[in-house]
Amino acid sequence: MPDAVEGGDWFGYSVAGSRTGTGQPYLVIGVPGEDIGTGEDTGLVHYLRGTINVAMNQGAGMPGSPERDDRTGFSVAASTHHWAVGSPGEAIGSEAFAGAVNVFRHTLTNNLPTIAAGLTQDEPNVSDVAKANDGFGKSIAIAPIQPPRTGPWPTDSLVVVGVPGEDITVAATNTTAPDAGMVQRFHVKSTNTFTELPAITLAPEDGDYLGEKVVVVNTAEGSNATMIIAVGVPGEDVGDKADVGQVQVFNALTNPIGTPVTSERNGSSLPGSMRAQEIVGTSLGVTSQRLLVGTPYGNDEVHAFAWSALAAGNTAPAQSWIPGVNGIPADHSTFGAAVS
């Protein structure tokens, strides 16, 4: 690969792969600890497709300049028409760790993937304002938009961006909920332009960290009604139990977003009783048929939920993997910390 091995690179901290519209497989690898020049933890990303093997960072294939703590590659996402990389440590003006996301097409410009959208909260036509510690892009997800058609499908994508450090104003009390979190949705078009859909905030509370993890899927070709988002809310408190956490599921393209279907540890959705500091919602995975929820900081389990069941409001898991059960080794540590 076009880079050198160094201590603290964190090569592979994030990984995503898919196939292009012509069926060619590709892989994106994040290296958020990579130092560029004198900039520590500037970060970069590797893009591999066929004979294409390139490393990209801000100033080299990406907008902006490499700076300390950009952490480019902390999050990556891949889909048919586009792929994306998050730089949640990017300073916007004087606002440190405000964050940025860059979206690319597979077509090449000067032997590098073509930029389709450079997203920050200070870009024109993007809601809100970049502020320190927003963490815009700490989590990202992407899926193709495939509406009903009579001709070729547009090569558009829905890019979902988690902003878990966003402070939200509570209208009823005119107060601010620090780190309540937010999720932003962007329709990235084949013309290398984008439009933003309304942001997701719901009922903000201090330290919810809504958007710490996001996933999106289109479960059926030819229908936008089957695009679904799942959002982790690991800081959600329940009664006197802090940071119990939960997962909220929405139709991805509905405006207004509507009431989510919620999965949490309440005995009927996630089995067992709620406990403090379990931070459910930090580990999510997705297939075309199922949402995967890992709970590594409580019961150490992974549960699979059918998208069709969630769409109908049924939050009972379809399948579960538990250490010590059905041949899974009982000796474990944070089982389910990463699922895919």
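Worth saying up front: this structure is predicted, and the values here are computed from it rather than measured.
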For [X] against [Y], the heavy-atom pair lying closest together:
X    : Y    : result
S190 : R105 : CA-NH1, 3.5 Å
V101 : A84  : CG1-CB, 4.4 Å
A304 : L292 : CB-CD2, 3.6 Å
Q121 : A130 : CB-N, 3.5 Å
A141 : V215 : CB-CA, 3.7 Å

The residue among I52, T107, V54, N102 that forms side chain to side chain contact (heavy atoms under 4.5 Å, CB included) with P113 is V54
Problem - H106 and Y26 aromatic ring geometry - parallel, tilted or perpendicular at 30°/60° bounds - result: perpendicular
Report task. May I ask you to decide if the ring planes of W83 and F104 are parallel, tilted or perpendicular, using 30° and 60° as cut-offs? Result -> parallel
Determine yes or no for a side-chain-to-main-chain donor-acceptor pair under 3.5 angstrom, with [X] supplying the side chain and [Y] the backbone.
X    : Y    : answer
W307 : V217 : no
N174 : A171 : no
D134 : V163 : no
T80  : T20  : no
D35  : D41  : yes
S269 : T315 : yes
D167 : D179 : yes
R185 : P198 : yes
S75  : G137 : yes

[X] versus [Y]: any side-chain heavy-atom pair under 4.5 Å?
X    : Y    : answer
S263 : F305 : yes
L270 : H303 : yes
H187 : D156 : yes
P260 : L202 : yes
F335 : P296 : no
I142 : V160 : no
L44  : E34  : yes
V280 : V247 : yes

Walk me through it: do K131 and E95 pass the test salt bridge (charged side-chain N to carboxylate O under 4.0 Å, His left out)?
CA-CA 5 Å; K131 298 181 292 294; E95 305 296 330; over 6 Å; no
[X]-[Y] side chain donor-acceptor pair, cut-off 3.5 Å:
X    : Y    : result
Q24  : R49  : yes
H82  : S157 : yes
R265 : T295 : yes
S127 : Q184 : yes
N53  : H46  : no
Q289 : T219 : no
N192 : T114 : no
Q248 : Q246 : yes
N266 : S268 : yes

Between [atom1] on residue [X] and [atom2] on residue [Y], distance to nearest 0.5 Å:
X    : Y    : atom1 : atom2 : answer
D122 : D128 : CG    : CG    : 9.0 Å
N251 : L310 : CG    : CG    : 12.5 Å
R68  : E40  : CZ    : CD    : 4.5 Å
T226 : N218 : OG1   : CG    : 4.0 Å
T193 : F186 : OG1   : CZ    : 13.5 Å
L197 : T195 : CG    : OG1   : 6.0 Å

>> Counting neighbours of CG on N125 that are heavy atoms of other residues, nucleotides or ligands and sit closer than 6.0 Å, is the number greater than 12?
In response: no
Does a sphere of radius 6.0 Å around CH2 in W10 hold more than 12 heavy atoms from other residues, nucleotides or ligands, not counting ones at 6.0 Å or beyond? no
inquiry  = One pair to check against side chain to side chain contact (heavy atoms under 4.5 Å, CB included): T173 and V170. What are the steps and the verdict?
reply    = CA-CA 6 Å; T173 59; V170 183; 3.6 Å; yes
